[in-house]
Amino acid sequence: MEKQLNHYINKAVCFEEAGYVEEALQLCEKCRQTFPEYEDEICLEIAKMNFRNGNWEQALLQFIMLYEKTGSMDIYELVLQAYYGSRQEEFEDQYARNCSLLEKYRHFYGSELKKEIRYYPLYAGSDYIWFCDADDKRFQTLKRTREMPHEQLDDVCVAGNLMWIEDIKLLEEISRKINPFMDMENALLLVYQNDSWELLLQIMDLRDLLELDRIVFCDNIQSLQNCIVHGGVMQPQKLISGSMSDEIETALNDAIRQIAELEKKYRMEAFAYYKKNSHKILEHIQQKKARILFTVSRFTTALQYHIRDCREAAEKAGCQTELKIEKDRLLTDHRPLSFLKKIAEFRPDIIFIIDHFRHERLEYMDGLDEIVWVNWIQDPLNNIMDKSIPPKLGPRDVILSHYTTWKEFWDVGYDARRVIQAPVPANQNLYKRYELTQEETELYGCDLCFVCHGSDVQGHIEEVLEQCPEKAREPISEVYKGYFNFVYETGRFFYSKIEFSRYISGVLERCYEIVLSRGGGRLACRRHVQTV
């Protein structure tokens, strides 16, 4: 019977070599039915034939089923060599490159990257990834989630075990900020289990994803929790369902609990210190040895330089200083917990900020009235020019203002006793006479130097018009364009509200028969019976 079986198997191989693969497989299948006592051997030949002819996924499934049935180490070694061994060098090189990249990547949260590999990728299909656990000598699969959203989310999202680059890129695209301010962006948190993380590093080139500078990689569930609680990554608002949904949800809830406990801890520590040492704060200031916490947003340009120069000046005067600013464009470390921790640990006598008052930061300043709050006013924002603001200021709120002659500022009602009038200074360490060397003269010399910011006038006009009623856009556009042309043709600017008021009124009345008038403190507009 064995001789007869070999005859048929040999005949099937001849069919295969002649190009009749389907017929060869059909003949092997008939042999399996005819000689059931040799089923395992025949199934092995069928799997080999599928592999030889490019049916790798089907062959792999057949090999795995046979290995699970027989436990044959020969089949195990055969699969490992055929599917992993043939690409082992490629996988190991990719793993090493990704580890090197992640070691320098600021949004990687996890344990030390391992050099030894336990999980070997075998085959990646459209819905499954087959791999081998080398320690347990088992073949396993990772299933692709088919529940990916397609609508625009505009949220901080978290997802588990995303192994297909198409899914990651889709989620990255739909979770971006719709109207970002400067380079501000949502974080996208990707968390993996041990096996999926190791496989990801072997089969995917992470360079393009890392260059996006917004994907946070966590190599296990504990890393996810740590990056939120201790790393300062913003709490996700959207959980993308997948193989780790329950674990992720549990970790996020636990992170919320830990953050609340830490906030309470640091608040109590700060409260206890300041209630006991209120007098010392004033002593430190009088001795010119104050501890000053400077805070500013990275989503500014000029204000960062102003804070930098103020901090340098304070340090030269003998003060201790620290700076509180977002770590990156993902707003990492920008939340009440991080401020409370900084206050509790640094114990500042003064908090120095630009354009914001203490009562705007009650999420971390509530009850800490002993700290001196210095607000350097630079811009006439609504929160500064509102008459309801002065009564909200406490005895240790100080205003540093360069509006020394501006009547509207004083009309708000600020108490002059808490306002330090200070025109914007120049940093004498930067702006001073400097003798150029001959080499510098040749390198930087020029006939004409023009220094200016790169203003996009047309872009600003278009943004303003989008916010206006449609019927008002044409007149407002003409007002802007007229002033734009006037400046370019004459080189003159308007410097007062009166000049601007006269110009705007003249354009609207002359070109559109729109008459502007002030009545009862409100601006009225008459155009026959139509109101614009």
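Any value given below was found using the heavy atoms of this structure, including those in side chains, with hydrogens, waters and symmetry copies removed. Bear in mind the structure is a predicted one, so any value in this text is a computation, not a measurement.
Put simply, CD on Glu499 and CD1 on Ile504 are 11.5 Å apart, with the number rounded to the nearest 0.5 Å. Arg257 contributes atom CZ, which lies 13.0 Å from atom CG of Leu252 (distance to the nearest 0.5 angstrom).
Between Tyr503 and Tyr483, the two ring planes are tilted [angle within 30° to 60°]. Ring planes of His359 and Phe357: parallel class, angle under 30° (limits at 30 and 60°).
Under the 4.0 Å criterion applied to side-chain N and carboxylate O atoms, Lys280 and Asp349 are not assigned as salt-bridge partners. Ion pairing between Glu370 and Arg396 fails under the 4.0 Å rule for side-chain N and carboxylate O.
Outside the 6.0 Å centre-distance limit, the rings of Tyr480 and Phe484 are not counted as a close aromatic pair. Not less than 6.0 angstrom separates the ring centroid of Tyr364 from the ring centroid of Tyr266.
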Residues 436-446, side-chain donor-acceptor partners within the protein, below 3.5 Å, at least two apart:
residue : atom : partner : partner atom : Å
Thr437  : OG1  : Glu440  : N            : 3.1
Thr437  : OG1  : Glu440  : OE1          : 3.4
Gln438  : NE2  : Glu442  : OE2          : 3.3
Glu440  : OE1  : Thr437  : N            : 3.0
Glu440  : OE2  : Tyr434  : OH           : 3.4
Thr441  : OG1  : Thr437  : O            : 2.9

Legend entry - Derivation and outcome, side chain to side chain contact (heavy atoms under 4.5 Å, CB included), residues Leu210 and Leu102: CA-CA 8 Å; Leu210 300 186; Leu102 287 169; 4.2 Å; yes
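Between the side chain of Arg176 and the backbone N or O of Asp154 there is no donor-acceptor pair closer than 3.5 Å.
Sorted by first and then second residue, the pairs that involve residues 314-340 and meet salt bridge (charged side-chain N to carboxylate O under 4.0 Å, His left out), not counting sequence neighbours, are Asp213-Arg329, Arg311-Glu315, Glu322-Lys342, Lys324-Asp333.
For Lys481, the NZ atom counts as loosely surrounded, since its 6.0 Å shell holds 12 or fewer non-hydrogen atoms of other residues, nucleotides or ligands.
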